[in-house]
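If you scroll down you'll find the structure; I have some questions about it.
Below, each value reflects all heavy atoms present in this structure, side chains not excepted, and no hydrogens, waters or symmetry copies. Letters A, B, ... mirror the listed sequences (proteins, then strands); counts begin at 1.
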Amino acid sequence: MSESAKIEKKWQKQWEKDRIFEVDPDPNRKKFFLTVPYPYPNGALHMGHGRTYTVGDLIARYKRMQGFNVLYPMASHITGTPIFGMVDRVKRGDEDAIEQYRRDLRVYLDSEEEVNAQVKKFTDPWATVLFFTETISADFKALGYSIDWRRKFTTGDDIYNRFITWQYQKLMDSGYIQKGAHPLLYCPNCGNPVGEDDIKEGNTAKVKEFTSLKYPFEDGFLVAATLRPETTFGITNLWINPTAKYVKADVNGELWIVSSTAAEKLKLQAKEVKILDTFPGSKIVGKSCQTIHDGRNIPILPADFVDVDNATGVVYSVPGHAPFDYIALRDLWEDPTELQAYGISADDVRGIDVVIMIEIEGGSEFLTKDVVEKLGVSSQKDKEKLEEATQEVYKAEFYEGVMMDNCGPFSGRQVSGVKDDIIKWLKSENRGDVFYEPDERPVVCKCGTDVQVAVLAGQWFLDYESPGWKDKAWDALKMMGIIPENFRIMFESTFDWLAQRPCARRRGIGTPLPFDPEWIIEALSDSTIYMAFYTIAHKINQNKLKPEQLTLSFFDYVFLGKGKAEKVAQETEVSSDILNSMRDEFLYWYPNDQRHTAPSHISNHLSFAIFHHAAIFPKKHWIQCISLNEHMNMEGGKMSKSKGNTLPLGEMPKKYGADVFRTYAVSAAEPGSIMDWRERDVPAVRNRIRQFSEIMKKYSTKTPKIYRKKDKPTGITRWILSRVNSIVQECTDYMDNFRIRDYAITVMSEMIRTVNHYVNRTEVSKEERDGTMAYVCDRWVRLIAPMTPHVSEEFWSKMNQDGYVSLADWPKADKKLIDPSAEMAHTVVESTVRDIREIVKLLKDKKASAVHIYVAPEWMFQAMNSIRTKEISLIVGDIMKHLMSNPDFRTHGKQVKGIVDRIAKENGLWDHSMNAKEEMAVLKDSATYISSEIGMDVTIHDAAKPDYDPQNKARFALPGRVSLLLE
RNA sequence: GCGGGAGUAGCCAAGACCGGUCAAAGGCGGAGGACUUAAGAUCCUCUCUCGUAGGAGUCCAGGGGUUCAAGUCCCCUCUCCCGCACCA
């Protein structure tokens, strides 16, 4: 085991032994309650998960050092089918799945025998949950997360089920839960709704809603389905595939003619279907039916393009607006011979008038015809071009079209807004219905059966559109902090479209619906307010409360303060002391001050959490803030177990070290953007931690001394004291604003550079350097501790500090030590060195051995300062006028012009010392340093009266921009 | 389709809200130097082009515009990524 691994283990054990992250309410301290969503233990977590939890821990540790009583808890989410799915695969002997688990297991188990023995246990769901729950918490501990583990639970625990039971009873009481029919993808063979995991092919398929139109025919209806019901005003005929199988069926008491496959689908879509007769399409071709809007008789014509497996297999024809229909009709006009078999004369067909019922202002009169001709569609078999034409016509007519005056009550309306009203009208006339299809084909279940859309009656759903609910949720969102703020708009659009959502399934782990126990509350619906459960979970366990004691009035009292403790105690046999301590603990920790996770949860989990909090808790207990960080990629590609381009999270501390992983996870990208894990960048992170360690090793145990002005320290000591305190301030600001990457870069790279520069300056005495550096180390170890807690803890203990750095005070910037003139001086010296180097480079092989530095005359400093304090606009004339009005400057007229030109060119003023004397002192102070940097003798001159200036360089000197002569 | 986002030097990635201090932080990669018997590690310097004096030129997907001034603001175009529900 490496040295750093030993250190990490050592401190993790110490923390656990001293229970420093186990927190209880302390009325004397401000609290901070941070949550990150609990993981799903259906396998080992991978490194990508580590980013979010690490950021969470960084925040927890920062807040803790700031003096907050911080609660950062964790649990396990096991609701739903994934665990079952996994158990099934192992039982079935699915080699791919088993191999994947073996890979996970090898991280935790030493021998192949143990691995295989454990895989066998995965046939038991609870053994599986238990195993991965343990490994995940071991992973989290190995990464140094400051979690209060006493409060852990799983969502399959009895006590959790009681909590969710209470939640759903509350939602029911508020009228937010309803029962109804809802379309979903369904496998007729398995008899179950299918989720993404159950689909073999086409797993992005969604439910698409068609409007079915019932055209009166004989004693019933020919039922056509469409996505554009508004076009029924342009109907000229119906299309039937003459060779396909159709049925006449009793559908909910009406006689419908649809294709045979459509009849089967209708059965799944909550219709009572009795098939009365089966016949080929040819049987009805040639007959006529009536239109809906004006009751005209229109013919039923044959068409090959009609696909009876799509929708109802009956198509109504709108040649004016649908390229398919237009072409099919045109084909018949050109060759009507086929029609004779159905007793339709050529004249009948040629007599069909195309109806135009949508117009586009300034557009073509017969857009469909134009588009078809433009694309050169040859016949109805030319499917690709017809699709293209359909898209083009639809797009144009939908966005720009207006219903013409042959559209009854809808005349004059925009096409884009009329669809819903047309559907309403059709339904009110009993001529409209809905028909569902998947929006893509094929969609195949893992069992090999075609997936259909089913409308299951008795489905329970959360109605996010229930009166009042959304308003409350909006209120909650408005008062909530969202960081980064640009994610707020994603919440807003989610809130807009959130409507009814089924909340229970027939299978899986979870809590039965209290009012219909056949149904299990599904995973995203039982994880919305559980942050509240953390506040009491450990007390339920410590006091050995039984699930049946956790009644509705128990939770009502603890979470809502309803009822009297004595009465609830009587009912539940939980003593009122215990009840009150739970109530107090809940009141202490709640609300959840910050919830941190990935943006992919915005459209579901996070929005649900906001809604459910708004539904159940009073305003003061709503979530205060949501922070987000994006996912992690691996070497430029998306991480996924199946791709094999991922490492188990448990591997990270072993392979790289916890502090290294944490630093990478915080610093490699902004929270809002995707992070790329690049193996070859890891050594750089490790090196920086090592550099930090080296410096700490050397100086942290010295006796700190702060050299204040009265101690007359060297300029560079004043500089580092100023820099370090500025950095303390910057880091605090960064952390407060969730700019964690800037924090990481500043506290690592910037600090290392600063400190290295300081310790390399030879003009500082050993005593002064040691004392200063010991002070710097004390600031630094605290600043860096939230990110690299283990190595920080190690040095903290070596510094003979009390307790843990994890619990130490976050440093405050010592404003008295922040010294702009010291930092300015440093800038002047550094830019001087840079200038000399540049000249040296240009001199090429000509060697210089001495440099003369000329500091600008005092009046120039005064001139610069007078412009600065005047805050006049940077227009040449104005500055000129301002300076020339002062006789002290006017005597240097020509050089004043030079300064002003330079200001104009630079678009402003630049940094320099306060006056010539100071700039001179600074450079003299740093002369040995400059000399050692460039390997030349250094002489400093006053440009006003240079004692040596053979090339007349002195006149070019400006404040902060010394003039140089190299010899 | 609806909604969100991105395009910055060899690569990764800040800067954009709030225009000037931006040839553009930081890292990787590359070059040179210090240290070292050597390798490695570490530290320092350089890394758009031109330039024998600290300067100049060109640049932030492409095109146009606003402005004294644009990576940053506005418009258009191109390319890429993500979410859209019953799935955790």
Under 6.0 Å between ring centres, would you say that holds for A:W677 and A:F661?
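Yes: the rings meet the under 6.0 Å criterion.
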Inter-nucleotide C1' distance (B:rU21, B:rA6), Å rounded:
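So the two C1' atoms sit 28 Å from each other.
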For a quick check of understanding: with a heavy-atom distance under 4.0 Å over all strands, which category does A:E838 fall into, base, sugar-phosphate or nothing?
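A:E838: base contact, heavy atoms under 4.0 Å.
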How many Å lie between CD1 on A:I674 and C1' on B:rC82, as a whole number?
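After rounding, the reported distance stands at 7 Å.
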Just name whichever nucleotide pairs with B:rU36, Watson-Crick or G-U, keeping both distances under 3.5 Å, else none.
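Answer to the pairing question: none, since B:rU36 forms no Watson-Crick or G-U pair.
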Across the strands shown, which category fits A:R688 at heavy-atom distances under 4.0 angstrom: base, sugar-phosphate, nothing?
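Here A:R688 touches the backbone only, sparing every base.
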If I pick the P atom on B:rA13 and the same atom on B:rG27, what distance separates them, to the nearest angstrom?
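Result for the P pair: 16 Å, nearest Å.
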Complementary nucleotide of B:rC80, counting Watson-Crick and G-U pairs under 3.5 Å
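Base partner found: B:rG5.
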Distances for protein N/O vs nucleotides 40-43 of chain B N/O pairs under 3.5 angstrom?
unit_1: B:rU42; atom_1: OP1; unit_2: A:N687; atom_2: OD1; d: 2.7
unit_1: B:rU42; atom_1: OP1; unit_2: A:N687; atom_2: ND2; d: 2.1
unit_1: B:rC43; atom_1: OP1; unit_2: A:Q691; atom_2: OE1; d: 2.2
unit_1: B:rC43; atom_1: OP1; unit_2: A:Q691; atom_2: NE2; d: 2.5

Is the charged tip of A:R506 near the ring of A:W519: under 6.0 Å from the six-membered ring centre and within 45° of its axis?
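Ring-cation test returns yes.
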Going by the salt bridge (Lys or Arg N to Asp or Glu O under 4.0 Å) test, which pairs reach into residues 748-759 of chain A, not counting sequence neighbours?
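Qualifying pairs: A:R723-A:E750, A:E750-A:R753.
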Is the distance between the ring centroids of A:Y464 and A:F495 under 6.0 Å?
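Ring centres of A:Y464 and A:F495 not closer than 6.0 Å.
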Using a 4.0 Å heavy-atom cut-off across all strands, classify A:I745 as base, sugar-phosphate, or nothing.
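The residue A:I745 makes base contact.
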Gap between atoms CG and P, on A:N633 and B:rC11 respectively (whole Å)
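In whole Å, B:rC11 P lies 18 Å from A:N633 CG.
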P atoms of B:rG10 and B:rA61, separation to the nearest Å
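Those two atoms are separated by 14 Å.
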Rounded distance (Å) that lies between atom P of B:rG5 and atom CE of A:M675:
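So the two atoms are 21 Å apart, to the nearest Å.
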Donor-acceptor pair between A:Y656 and A:E679 side chains, under 3.5 angstrom
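Yes, side-chain donor-acceptor contact under 3.5 Å.
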Atom-pair distance (CD1 on A:I839; P on B:rG55), nearest Å:
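It works out to 9 Å between those atoms.
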Whole angstroms only, please: what is the CD1-P distance between A:I602 and B:rC84?
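Rounded to whole Å, this separation is 12 Å.
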Taking N or O atoms only and anything under 3.5 Å, show me the protein contacts with nucleotides 72-75 of chain B, one pair per line.
none

So what does A:R488 touch, heavy atoms closer than 4.0 Å: a base, only the sugar-phosphate, or nothing?
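Nothing: the residue A:R488, judged by heavy atoms under 4.0 Å, touches no strand.
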